[in-house]
Amino acid sequence: MNVLVIGSGGREHTLSWKIAQSQLCSKLFIAPGNAGTDSVGTNVNIAVDDFEGIKKLVLDEDIKLVVVGPEAPLVKGIHDFFLADDALKSIPVIGPKKDGAELEGSKDFSKAFMQKHNIPTAAYQTFTAENIEEGYAFLETLKAPFVLKADGLAAGKGVLILDDIQEAKDELRNMLEGKFGNASSKVVIEEFLAGIELSVFVLTDGKDYLILPEAKDYKRIGEGDTGLNTGGMGAISPVPFADDAFMQKVKESVVEPTINGLKADGIDYKGFVFIGLMNVDGEPFVIEYNVRMGDPETEVVIPRIKSDLLELFVAVGEGNLAAKTLEVDERFATTVMLVSGGYPEAYEKGKPMAGFDKIRNALLFHAGTKIENRKIVTSGGRVIAVSALGNTMKDALQISFENAETITYDKKYYRKDIGFDLK
Ligand code: AMP
Ligand code: GLY
């Protein structure tokens, strides 16, 4: 079958790399893709939210399955667009419809969903400009640090964690006055959870589910988890503290109530659920849902999956996931993200890259690269994820770091301490 992957990051390169290995895959297209996806399929220069352009591609190329990488087209309703079109409605889309995508598209919606279905999460309330005074009063009832979240999508920047109550009140006002545009016209204020974070991934056909390998990502730009937040600077899977006992709690108190809650609320959900968890003294609490895979978590989760991913996607489309099992590589996977100097603030693009021919034992997943005059150049803040497998976390990291050194371009930066907090 011909398959389309929508997106252009490291997540999409990894998904494409895996799908291309499937016996079921004839031709693979990526829209718009990057220099890495170009080596496993055919890039087509169509934006992720150009639904008419995607329709034309799907029909012209006889595409039989569509995998949506990023959240934006899901929240905008790409799955609903397919279902509403006679020519497209029989083509499975991996990714939820608009109703399910609200789990990521609206923090207020996802918090209400968790509360309704008794899924452990931080206590919260939601405020708008109309009841800002109540927001100030709610802040007074909480202890520092104060957690403020823009309700809508804010490119990963919509969460503020503040130590000072006056600052929290000022930021609440700024947010409600449009600090993140329309995304912060509602603000969720919640209790701070102290613990260690973990990303859990579930693939569901709306009835049954598979829990994929868990991962931990490193979001801050600086070593020791300091400095500005980024899209993610590296990841590790498996996560040593996520032992069988902890994962059993995650399954019983989070995953099952989530899947059952979606069903109970009449949300027919086909795709990935990414559950951002906090381990608070051994108990899992949900920080957030995303309706897609994580990036760079995908770059460690997918290399550990031995099963045919496309076969699983077909089963999701058919509502037949119950018949499938997941085969997982027991080894550790690590990834180290090479970024452009200056990221996540201003950075330069178009830097020529070299060293690809000297890569040993690592998997390179391109995040922000493109081909210019037949040469690979940087084209984003996050440039390339250097993934590796090893019998121990240390072995895998050593391969990632050695190869991270091998790839060269002007103003390259990466964190040399990925995994520092795990044993
Ligand atoms: P989010 O965009 O919801 O993933 O939030 C961004 C980051 O803020 C998370 O990855 C956490 O590190 C942190 N965070 C969010 N909510 C809380 C909370 N209630 N308590 C502590 N940290 C939080
Ligand atoms: N790595 C976190 C995310 O993809 O949102």
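If you read the sequence from its start, that first residue is 1, and numbering goes on from there. All ligand and atom numbering here is 1-based and tracks the order in the structure. Excluded from the calculations below are hydrogen atoms, water molecules and symmetry mates; all remaining heavy atoms, backbone and side chain alike, are included.
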**Message:** Check the orientation of F109 and F113. Use parallel for under 30°, tilted for 30 to 60°, and perpendicular for over 60°.
**Reply:**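 Judged by the thresholds at 30° and 60°, the geometry between F109 and F113 is parallel.
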
**Message:** Tell me whether the rings of F356 and H366 are parallel (<30°), tilted (30 to 60°) or perpendicular (>60°).
**Reply:** parallel

Give me the nearest non-hydrogen protein atom to [atom] as residue plus atom name, then the distance to 0.1 Å.
atom	value
atom 7 (C) of ligand 1	V159 CG1, 4.6 Å
atom 5 (O) of ligand 2	R292 NH2, 2.9 Å
atom 2 (C) of ligand 2	D217 OD2, 3.5 Å
atom 10 (O) of ligand 1	E197 OE1, 2.8 Å

Taking [X] for its side chain and [Y] for its backbone only, find out whether a donor-acceptor pair lies under 3.5 Å.
X	Y	value
D151	K107	yes
Y289	M114	no
S340	G380	yes
E104	V291	yes

Would you mind listing which atoms of ligand 1 come within a distance below 4.0 Å of any non-hydrogen atom of [X]?
X	result
K219	10 (O)
F192	20 (N), 21 (C), 22 (N)
E288	1 (P), 2 (O), 3 (O), 4 (O)
E191	18 (C), 19 (N)
E190	16 (N), 17 (C), 18 (C), 19 (N)
K149	3 (O), 15 (C), 16 (N)

Under 4.0 Å, heavy-atom basis, I'd like to know which part of [X] is in contact with ligand 1: side chain, backbone, both or neither.
X	answer
L193	both
N229	neither
M278	side chain

**Asked** Say you draw a straight line from CZ of F332 to CG of D395; how long is it, rounded to the nearest 0.5 Å?
**Response**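 One finds 10.0 Å between CZ of F332 and CG of D395.
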
**cation_pi(K216, Y218) dist<6.0 Å, angle<=45** = yes

**Message:** Would K416 pass as a cation-pi partner of Y414, given that its NZ or CZ must be under 6.0 Å from the six-membered ring centre and within 45 degrees of the axis?
**Reply:**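 Yes.
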
**Message:** Is it the case that over 12 heavy atoms from other parts of the model lie below 6.0 angstrom from the NZ atom of K370?
**Reply:** no

**Request:** Might you check, step by step, whether the distance between atom 13 (C) of ligand 1 and some protein heavy atom is under 4.0 Å?
**Result:**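 Under the 4.0 Å cut-off, atom 13 (C) of ligand 1 does have protein heavy-atom neighbours.
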
**Request:** State whether the shortest distance between N or O atoms of E297 and N or O atoms of ligand 2 falls below 3.5 angstrom.
**Result:**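 It does: an N or O of E297 is found under 3.5 Å from an N or O of ligand 2.
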
**Item:** D295, any N or O under 3.5 Å of ligand 2 N or O
**Value:** yes

**Message:** Between D170 and Q166, do the side chains contain a donor N or O and an acceptor N or O under 3.5 Å apart?
**Reply:**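 Indeed, the side chains of Q166 and D170 share at least one donor-acceptor pair under 3.5 Å.
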
**Prompt:** Taking the non-hydrogen atoms of G232, is any one of them nearer than 4.0 angstrom to ligand 2?
**Reply:**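 G232 does not count as a contact of ligand 2 under the 4.0 Å cut-off.
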
**Message:** If the contact criterion is a heavy-atom separation under 4.0 Å, does G231 count as touching ligand 2?
**Reply:**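 Contact present.
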
**Request:** Give a yes/no verdict on whether any heavy atom in I161 is under 4.0 Å from an atom of ligand 1.
**Result:**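 Yes, I161 has heavy atoms under 4.0 Å from ligand 1.
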
**Side-chain heavy atoms of M233 within contact of V339, under 4.5 Å** =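 The answer is yes; the side chains approach within 4.5 Å.
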
**Which of the ligand 2 atoms, numbered from 1, are nearer than 4.0 Å to a heavy atom of G294** =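 The list of qualifying atoms is 4 (O).
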
